[in-house]
Amino acid sequence: MQSLLPLHALLRHPWIRRLWLRLAYGAVKLFFRLCCQVHIEGSEHIPSQGGVILVSNHISAFDTVLLPYSVLATQGMQIIWAPAKAELFRSRLLGYVLTSLGVFPVRRGQHDRQAMRRMIAHMRTEKMMVFPEGTRSRDGRLHEGKRTVGKLIYAARPVVIPAAIVGTERIIPHLKSLVHGRAPVSVHYGTPVALQHYYAMPDTKETAVAIVQEVMSAIAALLYHASRPVETGSVRPLHARSQGTGHGSSIG
């Protein structure tokens, strides 16, 4: 399997790509408005220009849609790049759709150098989202982040914006029982994680671990201060830090 499917010839035209992105965004927006009450807080912390990585907890498959939706809803049409497991690209049709939306495959359990180079490139110049835990949390708790994420951040040195997603695990139960109404879900963004002092350290395993621990601590702090507190696991805030998340906004 190739690490990147080429875009369909039609989608190589910029205006068609913009139209496709707007259609995809419109479909997602309609879904969330019908099924959810979405609250977005702290999006003003996300830089308008690239060289940004959004790091978040991962409790539902809907997280992969909610995170980019929250950025597009508050900052306008743009691509939020995202790595995903290579198995999703086995279907050529699904592969084309994912590729057109900025999703690219990563071979899990392997040292996928091509995917890592691509992630570093996007983190240096554009916006990319990553779930540092590496997979969805089955118990809703925040688990340890992968050392590879720390290594990528060290190499790319982007602006690191932590995010806390709350409530997406309740979307399916609400859909199954319409009496419950729309599911309340929220995304809380925090201030950039201060990592500059780590970049002066040697490029070692210990440095990568320290970086990802700092990132997970920032996510844990956001979860702790979220309006609907979420129990966190082994990752705790390194210290009490105030996250200036503004007044927030509700969509839907």
Side-chain angles (χ1 to χ4, degrees), residues 41-42 52-68 70 80-88 103 105-112 115-116 119 123 128-156 158 160-173 183-195 198 204-241 243 245:
E41 188 171 286
V52 177
I53 179 173
L54 308 173
V55 289
S56 175
N57 61 313
H58 192 14
I59 53 176
S60 166
F62 289 104
D63 301 339
T64 60
V65 182
L66 179 62
L67 209 61
S70 69
I80 307 298
W81 299 94
K85 58 183 180 182
E87 291 80 1
L88 293 175
V103 183
V106 177
R107 298 183 183 89
R108 297 193 299 182
Q110 303 179 38
H111 195 61
D112 193 339
M116 291 183 68
M119 282 189 276
M123 289 163 62
M128 191 177 80
M129 68 177 188
V130 167
F131 300 108
E133 295 166 277
T135 188
R136 185 174 31 163
S137 172
R138 299 295 178 179
D139 57 11
R141 296 161 65 93
L142 186 65
H143 297 275
E144 296 288 347
K146 299 296 183 182
R147 175 167 56 94
T148 302
V149 176
K151 187 175 181 64
L152 291 169
I153 292 173
Y154 181 91
V160 180
I161 303 294
I165 294 175
V166 179
T168 49
E169 78 284 0
R170 296 193 291 265
I171 294 178
I172 293 297
V185 300
S186 60
V187 184
H188 304 260
Y189 289 103
T191 55
V193 184
L195 298 171
Y198 291 111
T204 63
K205 173 182 176 180
E206 290 73 22
T207 300
V209 169
I211 289 174
V212 78
Q213 286 180 344
E214 190 79 24
V215 166
M216 299 309 293
S217 176
I219 297 172
L222 282 172
L223 286 169
Y224 180 77
H225 290 102
S227 58
R228 292 177 179 269
V230 175
E231 181 184 11
T232 58
S234 56
V235 179
R236 299 289 182 182
L238 295 178
H239 50 79
R241 67 176 87 190
Q243 299 290 348
T245 51

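Position 1 is the first residue of the sequence, and the numbers go up from there. What you are looking at is a predicted structure, and each value in this text was computed from that prediction instead of being measured.
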Indicate the atoms forming the closest heavy-atom contact of R138 with R136, along with that distance. NH1-NH2, 3.1 Å

Are the side chains of M116 and T148 in contact, using a 4.5 Å heavy-atom criterion? yes

Listed by chain and number, what are the side-chain contact (heavy atoms from CB on, under 4.5 Å) partners of A156, not counting sequence neighbours? I120, M123, R124, P158

Heavy-atom pair with the smallest gap, counting every atom of G145 and M216: N-CG, 3.7 Å

Between CD1 on residue I172 and CZ on residue F62, distance to nearest 0.5 Å: 4.0 Å

L142 backbone acceptor or donor facing N57 side chain under 3.5 Å: no

With the side chain counted from C-beta on, respond yes when L67 and I80 share a heavy-atom pair under 4.5 Å apart, and no when they do not. no

For residues Y198 and E214, is any side-chain donor paired with an opposing acceptor at under 3.5 Å? yes

Report the C-alpha separation of L195 and V160 in whole Å, then their side-chain angles, then the decisive distance to 0.1 Å, and conclude whether the side-chain contact (heavy atoms from CB on, under 4.5 Å) test is met. CA-CA 8 Å; L195 298 171; V160 180; 3.7 Å; yes

S56: which residues meet the side-chain hydrogen bond (donor to acceptor under 3.5 Å, both in side chains) condition with it, sequence neighbours left out? none

Determine whether H188 and V166 make a side-chain contact, defined as any pair of heavy atoms from C-beta on separated by less than 4.5 Å. yes

Note, M129 side chain near P68 side chain (heavy atom, < 4.5 Å): yes

Heavy-atom pair of closest approach, residues V106 and M119: CG2-CE, 4.2 Å

Residues forming a side-chain contact (heavy atoms from CB on, under 4.5 Å) with T204, sequence neighbours excluded: P202, E206, T207

Could you check whether any side-chain N or O of R170 sits under 3.5 Å from a backbone N or O of P184, counting only pairs where one atom can act as donor and the other as acceptor? yes

Looking only at atom types and distance, does a side-chain atom of E169 sit under 3.5 Å from a main-chain N or O of S60, one as donor and one as acceptor? no

Which atom of R147 lies closest to which atom of K205, heavy atoms considered: CD-CG, 3.4 Å

Side-chain heavy atoms of P162 within contact of L54, under 4.5 Å: no

State, with a plain yes or no, whether a side-chain heavy atom of V215 is found less than 4.5 Å away from one of V149. no

Does V185 reach the side chain of I165, with side-chain heavy atoms less than 4.5 Å apart? no

